[in-house]
Colleague: 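Before anything else, here's the structure in question.
The chain is numbered in sequence order, starting from 1. The structure displayed is predicted, hence computed values, not measured ones.
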Amino acid sequence: MASCSLQLASFRPFRSSRLGLPLAASNPSRRLALFHLGSVVPQAQLFGIKTSKSLRAEGNSMEAGTAGNIAQASTAVSQEGALDWVKKDKRRLLHVVYRVGDLDRTIKFYTECLGMKLLRKRDIPEERYTNAFLGYGPEDSHFVVELTYNYGVDKYDIGAGFGHFGIAVEDVSKTVDLIKAKGGKVTREPGPVKGGSTVIAFIEDPDGYKFELLERGPTPEPLCQLMLRVGDLDRAISFYEKAFGMELLRKRDNPEYKYTIAMMGYGPEDKNAVLELTYNYGVKEYDKGNGYAQIAIGTDDVYKTAEAIKLYGGKITREPGPLPGINTKITACLDPDGWKSVFVDNIDFAKELDGNLAASPVLVDNSLGVMEMNILGPFGSS
């Protein structure tokens with residue numbers, strides 16, 4: 001495989017703060033106002049926005065219609081504050097989590113055929129699972145894969161919603177020849193992408209996960225793409241811009257082949273891993289299977305992140321806070337299409353990589369219809 005010249009990005013731990021929500025006032029009229037406003041006032045205060053005097057309840061009663069108008073006004077203010085904070089938050093894609101049926105076989109394929117390095121591995125026999133982290137550089141500066149092997153499970157349903165991973169290589173043809181020599185499966189021979197000039201090829205790993213090989217010059221982030229299919233592209237773009245703070249890097253419609261793609265990320269494609277969202281004309285929902293799990297994203301503050309996600313239509317599946325037994329703070333959510341993401345506190349993630357935190361077992365849903373004890377660290381794996 002053609003080697004990629006890696007220019008490792010520097011990693012700096014970021015300051016984080018845990019902000020508690022204010023307690024309701026004891027005054028009856030204040031309680032009434034908070035009843036009508038729901039969580040609007042806490043959200044506004046969480047993002048450092050002062051509620052104006054004109055929004056305060058006066059006397060001992062408040063008309064329902066007025067309260068509704070106040071709630072609408074305060075929500076708008078909260079969204080402005082949330083959007084401003086999200087754009088300033090120091091975020092990057094940390095890793096992508098998915099399940100495989102034979103960990104050693106997959107590690108061998110990724111290291112020998114794709115040129116990845118095994119960064120670390122942890123076996124938890126009492127919980128009957130093993131994790132392996134692989135990538136093209138250290139976890140504190142690169143997007144990596146987190147593989148999960150659950151004892152005794154040798155096959156997963158990848159589903160129709162997951163698309164592929166993208167890997168940038170300097171010579172697609174040479175990479176494909178190497179993969180073939182190692183017994184890898186090539187599903188699309190090297191050649192220009194339809195409607196463009198970039199040389200690509202598609203391969204499958206031993207579990208059937210697809211990888212797109214993209215011919216590029218040297219890049220600091222060879223593991224460069226994660227493609228997921230969505231049912232409403234404009235809705236998805238708006239959500240990832242506002243709730244996740246990503247930029248719409250480019251959008252391309254392909255009416256001849258009846259699909260549209262949008263590249264979302266925290267920096268230019270040639271230097272950062274990006275999320276490729278694909279909309280196939282007329283397809284609103286996809287079977288997600290049980291193989292692909294989630295992406296992890298760094299954040300300065302999981303509490304503010306969770307509130308922003310709620311404001312912009314995401315569903316929180318794990319409220320923000322430290323994992324049991326350790327200080328790593330995370331929050332988990334679903335986007336409007338049901339794709340899961342986990343946000344991890346930047347400082348806690350740096351400590352985890354430094355080995356300052358000992359992982360502890362916590363209970364999570366492993367998407368197989370059963371509950372298992374798993375040691376997650378900050379990653380929300382399994």
Side-chain angles (χ1 to χ4, degrees), residues 1-11 92-96 98 105-120 132-147 162-228 247 249-250 252 254 261-278 295:
M1 176 178 180
S3 61
C4 290
S5 176
L6 301 180
Q7 303 170 8
L8 303 183
S10 61
F11 175 82
R92 73 176 182 92
L93 298 180
L94 303 179
H95 50 258
V96 57
Y98 52 105
R105 178 185 64 182
T106 304
I107 291 173
K108 181 179 176 67
F109 181 83
Y110 286 11
T111 55
E112 293 185 0
C113 294
L114 300 180
M116 293 186 186
K117 297 178 181 179
L118 176 60
L119 304 173
R120 60 188 171 107
F133 295 79
L134 297 98
Y136 294 99
E139 290 178 64
D140 63 4
S141 57
H142 286 72
F143 185 50
V144 306
V145 299
E146 177 183 347
L147 306 176
F162 171 80
H164 60 261
F165 304 105
I167 295 181
V169 300
E170 293 183 20
D171 192 316
V172 168
S173 295
K174 287 184 178 180
T175 304
V176 166
D177 289 342
L178 172 61
I179 291 170
K180 287 180 177 179
K182 295 288 185 178
K185 182 179 180 181
V186 177
T187 59
R188 200 265 202 196
E189 292 291 336
V193 65
K194 293 177 179 178
S197 59
T198 303
V199 176
I200 67 168
F202 273 92
I203 65 168
E204 286 186 9
D205 76 0
D207 289 274
Y209 292 102
K210 293 181 174 60
F211 286 78
E212 181 182 14
L213 305 179
L214 301 101
E215 193 159 280
R216 291 182 182 174
T219 173
E221 194 68 282
L223 182 59
C224 59
Q225 288 181 6
L226 167 62
M227 193 274 262
L228 300 173
E247 297 178 52
L249 302 173
R250 63 185 173 94
R252 186 178 81 242
N254 296 274
I261 65 168
M263 296 295 189
M264 312 289 300
Y266 296 110
E269 289 181 65
D270 60 341
K271 296 179 180 179
N272 300 272
V274 300
L275 184 61
E276 179 182 349
L277 304 176
T278 297
I295 53 172

Colleague: Check step by step if side-chain contact (heavy atoms from CB on, under 4.5 Å) holds for Leu119 and Glu139.
Modeller: CA-CA 8 Å; Leu119 304 173; Glu139 290 178 64; 3.8 Å; yes
Colleague: Under 3.5 Å, side chain of Glu276 to main-chain N/O of Ile261, donor-acceptor pair present?
Modeller: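 No, the answer is negative, given that no donor and acceptor are paired below the 3.5 Å cut-off.
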Colleague: Write down the atom of Ala132, the atom of Ile107, and the distance for their closest heavy-atom approach.
Modeller: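 Scanning both residues, the minimum pair turns out to be CB-CD1, 3.9 Å.
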Colleague: Looking at CZ of Arg252 and CG of Asn254, how far apart are the two atoms once the value is rounded to the nearest 0.5 Å?
Modeller: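 Going from CZ on Arg252 over to CG on Asn254, the span is 4.5 Å.
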Colleague: Any salt bridge linking Glu189 with Lys180? Criterion: basic side-chain nitrogen under 4.0 Å from a carboxylate oxygen.
Modeller: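 Result for this pair is yes, salt bridge flagged.
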Colleague: Check Ile203 against Leu213 and note the closest heavy-atom contact, atom names and distance.
Modeller: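 Shortest heavy-atom contact: CG2-CD1, 4.3 Å.
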Colleague: How about Tyr209 and Phe109: are their ring centres within less than 6.0 Å of each other?
Modeller: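 Centroid separation for Tyr209 and Phe109: 6.0 Å or greater.
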Colleague: Under the 3.5 angstrom rule, does the side chain of His142 hit a backbone N or O of Pro220 as a donor-acceptor pair?
Modeller: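 A pair under 3.5 Å: yes.
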Colleague: Let me confirm one number: the CD-OG1 distance from Glu269 to Thr219, rounded to the nearest 0.5 Å.
Modeller: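 Those atoms lie 10.5 Å apart.
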Colleague: Output, in order, the C-alpha distance, side-chain angles, deciding distance and verdict of ring-ring contact (aromatic ring centres under 6.0 Å, His included) for Phe211 and Tyr110.
Modeller: CA-CA 11 Å; Phe211 286 78; Tyr110 286 11; 5.5 Å; yes
Colleague: Measuring from Gln225:CD to Met263:CE, what's the distance to the nearest 0.5 Å?
Modeller: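 Between atom CD of Gln225 and atom CE of Met263 there are 4.0 Å.
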Colleague: If you look at every heavy atom in Gly137 and Val144, which pair is closest and at what distance?
Modeller: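 Distance-wise, the nearest heavy atoms are O-CG1, 4.1 Å.
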Colleague: Taking it one step at a time, do Leu223 and Ile167 satisfy side-chain contact (heavy atoms from CB on, under 4.5 Å)?
Modeller: CA-CA 5 Å; Leu223 182 59; Ile167 295 181; 4.2 Å; yes
Colleague: Measure the spacing between CD of Glu212 and OG1 of Thr187 and express it to the nearest 0.5 Å.
Modeller: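 Answer for the CD-OG1 pair, Glu212 versus Thr187, is 10.0 Å.
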Colleague: Take Asp207 and Tyr98 through the test side-chain contact (heavy atoms from CB on, under 4.5 Å) and record every step on the way to the result.
Modeller: CA-CA 11 Å; Asp207 289 274; Tyr98 52 105; over 6 Å; no
Colleague: Run Leu228 and Phe162 through side-chain contact (heavy atoms from CB on, under 4.5 Å) and show every step you take.
Modeller: CA-CA 5 Å; Leu228 300 173; Phe162 171 80; 4.0 Å; yes
Colleague: Taking the six-membered ring of Tyr266 as reference, does the NZ or CZ atom of Arg92 fall below 6.0 Å from its centre and within a 45° cone about the axis?
Modeller: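 No, a cation-pi geometry is absent between Arg92 and Tyr266.
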Colleague: Between Gly267 and Val274, which heavy-atom pair has the shortest distance, and what is it?
Modeller: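 Shortest heavy-atom separation between Gly267 and Val274 comes out as O-CG1, 4.3 Å.
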Colleague: Kindly give the heavy-atom pair with the smallest separation between Tyr136 and Leu114, and that separation in Å.
Modeller: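 Nearest pair, atom of Tyr136 first, then Leu114: OH-O, 2.5 Å.
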Colleague: Nearest 0.5 Å, what's the OG1-CG distance between Thr175 and Leu214?
Modeller: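 Between Thr175 OG1 and Leu214 CG, I get 11.0 Å after rounding to 0.5 Å.
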Colleague: Hey, what do you get for OG1 (Thr106) to CG (Leu134), rounding to the nearest 0.5 Å?
Modeller: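 That separation rounds to 9.0 Å.
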Colleague: Where the side chain of Glu215 meets the backbone of Val172, is there a donor-acceptor pair that is under 3.5 Å apart?
Modeller: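 Present.
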Colleague: On a heavy-atom basis, which atom in Ala168 and which in Arg216 lie closest, and how many Å separate them?
Modeller: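 Closest approach of Ala168 to Arg216: CB-CD, 3.8 Å.
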Colleague: Over 60° means perpendicular and under 30° means parallel, so classify the ring planes of His95 and Phe133, tilted if in between.
Modeller: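 Perpendicular: the ring planes of Phe133 and His95 meet at over 60°.
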